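Report on the following structure.
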Amino acid sequence: MLYSVKMRSNLGGVHGVGGRHISGAERIVDESALDEEVLSMIHRARCHDRGSADFIQVKVEAVEENQISYVPLLGFYQVDTTTKEEGRQAARKELARIGVSDAAISKGFALLDALTDSVRGAMVLDAVSGERLDDLAERGVRCSNMDIEDSATYEGKMKAAGHGGIHAREAMVLASKVAHAPGAVAELCWSDDPHYVTGYVASKKFGYGRIMVLKDLCDPVGGRIFFVNPGTDMKAYEDYLQNQVVLVRMNDED
Ligand code: PML
């Protein structure tokens with residue numbers, strides 16, 4: 001039996017409401033790995049670079065095989081940059097290559113730059129007009145219920161290729177789910193971890209493009225923009241992102 005394990009944690013609020021988001025995580029694991037996973041998530045919330053959480057919520061739910069759909073892991077490529085400015089330029093170039101309009105790219109950067117604290121979800125923009133399509137303000141659309149199908153093989157291969165680490169793993173899983181959503185065009189993301197300056201542009205067209213420096217060191221604000229085709233059915237799109245259980249499958253060549 002598989003289990004979904006989800007954790008969210010805050011600092012300085014009351015019963016998890018308000019305060020500052022510290023960390024969130026989720027996994028879909030075999031029953032044999034469940035206890036260890038729960039402990040590791042609690043540890044993560046208490047020892048995070050954003051602070052030590054004083055509210056931690058862990059939710060465990062069984063997942064039936066017939067609830068799961070499978071998507072392929074996006075191919076990986078890397079864009080070497082050394083400053084935020086270089087990274088932003090590279091990200092713009094990648095988004096344009098995928099087919100996102102200049103207007104939508106500029107809107108995406110403006111929205112992320114205007115954030116004063118991290119958002120847990122993503123802002124969804126029309127990839128042509130740049131219009132914001134979700135009505136979820138700072139909360140954004142959550143992408144949830146996903147993991148890599150075969151964790152051990154994934155971690156072994158990624159570590160050997162120099163792409164290990166929890167940030168990259170979670171980002172590649174999420175980006176693979178998002179890229180296969182109905183109407184998806186591209187994603188832009190950088191982390192809210194103040195010590196993690198790497199971000200990415202991802203798409204089904206070209207894969208997961210890691211951009212080595214995309215924000216300033218010590219900046220605790222990060223976020224995500226999902227660019228979608230004009231006319232995307234937002235209800236179906238949000239339902240897929242939030243509720244569809246997805247396991248990301250590696251190809252033999254990965
Ligand atoms: C996040 O922490 O939410 C985003 C992580 C971006 C990871 C980029 C990478 O290392 O490939």
Side-chain angles (χ1 to χ4, degrees), residues 6-10 20-27 40-41 43-45 47-51 53 73-84 86-88 90-91 94-95 98 108-109 111-113 115 117-124 138-148 151 154-155 157-179 186-203 206-227 241-242 248 250 254:
K6 292 179 186 155
M7 178 277 288
R8 72 180 184 97
S9 62
N10 284 22
R20 202 153 63 90
H21 164 70
I22 294 296
S23 95
E26 66 172 86
R27 290 276 182 280
S40 131
M41 284 191 185
H43 177 79
R44 183 168 166 183
C47 307
H48 201 274
D49 280 348
R50 287 173 60 79
L73 181 69
L74 292 178
F76 179 94
Y77 65 99
Q78 185 163 307
V79 183
D80 290 319
T81 55
T82 51
T83 62
K84 167 177 153 181
E86 244 178 62
R88 298 289 171 98
E94 286 308 294
L95 288 166
I98 293 161
F109 276 104
L111 285 170
L112 287 178
D113 279 333
L115 292 173
D117 199 358
S118 292
V119 279
R120 290 174 69 220
M123 295 176 270
V124 183
E138 271 90 56
R139 223 158 42 91
V141 175
R142 296 294 314 279
C143 181
S144 185
N145 291 305
M146 69 252 159
D147 203 349
I148 196 87
S151 247
Y154 173 88
E155 274 168 19
K157 285 192 174 174
M158 289 298 158
K159 202 166 166 201
H163 311 146
I166 201 155
H167 286 292
R169 175 201 158 116
E170 290 181 353
M172 284 197 58
V173 168
L174 184 145
S176 298
K177 178 174 180 181
V178 170
E187 178 186 352
L188 166 67
C189 164
W190 58 83
S191 177
D192 61 4
D193 183 330
H195 299 124
Y196 204 80
V197 294
T198 302
Y200 65 90
V201 166
S203 65
F206 297 124
Y208 181 95
R210 169 190 265 176
I211 299 174
M212 291 313 285
V213 179
L214 197 44
K215 71 165 200 183
D216 288 326
L217 193 63
C218 297
D219 180 353
V221 182
R224 289 191 155 83
I225 303 284
F226 297 160
F227 296 95
L241 291 180
Q242 286 169 5
V248 176
M250 296 182 75
D254 286 330

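Residues take their numbers from the sequence shown, with the count starting at 1. What you see is a predicted model; the values in this text were computed from it and never measured. For ligands, and for the atoms within them, numbers begin at 1 and follow the listed sequence.
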- Message: Could you check whether any heavy atom of Arg224 sits closer than 4.0 Å to an atom of ligand 1, since that is the contact criterion I want to use?
- Response: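 The answer is yes, since Arg224 has a heavy atom less than 4.0 Å from ligand 1.
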- Query: Heavy-atom contact under 4.0 Å between Asp193 and ligand 1?
  - Reply: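 Flag not set, Asp193 not near ligand 1.
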Contact check: [X] vs ligand 1, nitrogen or oxygen atoms, below 3.5 angstrom:
{"X": "Tyr208", "result": "yes"}
{"X": "Asp192", "result": "no"}
{"X": "Arg210", "result": "yes"}

- Message: Does Val213 form a side chain to side chain contact (heavy atoms under 4.5 Å, CB included) with Glu86? I'd like the steps, not just the answer.
- Response: CA-CA 8 Å; Val213 179; Glu86 244 178 62; over 6 Å; no
With a 3.5 Å distance limit and no angle check, can you tell me whether [X] reaches the backbone of [Y] through a side-chain donor-acceptor pair?
{"X": "Arg50", "Y": "Asp192", "value": "yes"}
{"X": "Gln78", "Y": "Met212", "value": "no"}
{"X": "Arg88", "Y": "Leu214", "value": "yes"}

- Can you spot which of Lys6, Lys177, Gln242, Glu26 makes a side-chain hydrogen bond (donor to acceptor under 3.5 Å, both in side chains) with Asn145?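 Going through the options one by one, the only one that passes is Lys6.
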- Task: Sort out for me which residue in His167, His48, Lys215 forms a side-chain hydrogen bond (donor to acceptor under 3.5 Å, both in side chains) with Asp193.
- Result: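 Result for side-chain hydrogen bond (donor to acceptor under 3.5 Å, both in side chains) with Asp193: His167.
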- Starting from atom 10 (O) of ligand 1, which protein heavy atom do you reach first, and at what distance in Å?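 Nearest neighbour among protein heavy atoms for atom 10 (O) of ligand 1, to 0.1 Å: Tyr196 OH, 2.5 Å.
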- Item | Where ligand 1 meets Cys189 - atom numbers and elements under 4.0 angstrom, heavy-atom basis |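 Those qualifying, in numeric order: 4 (C).
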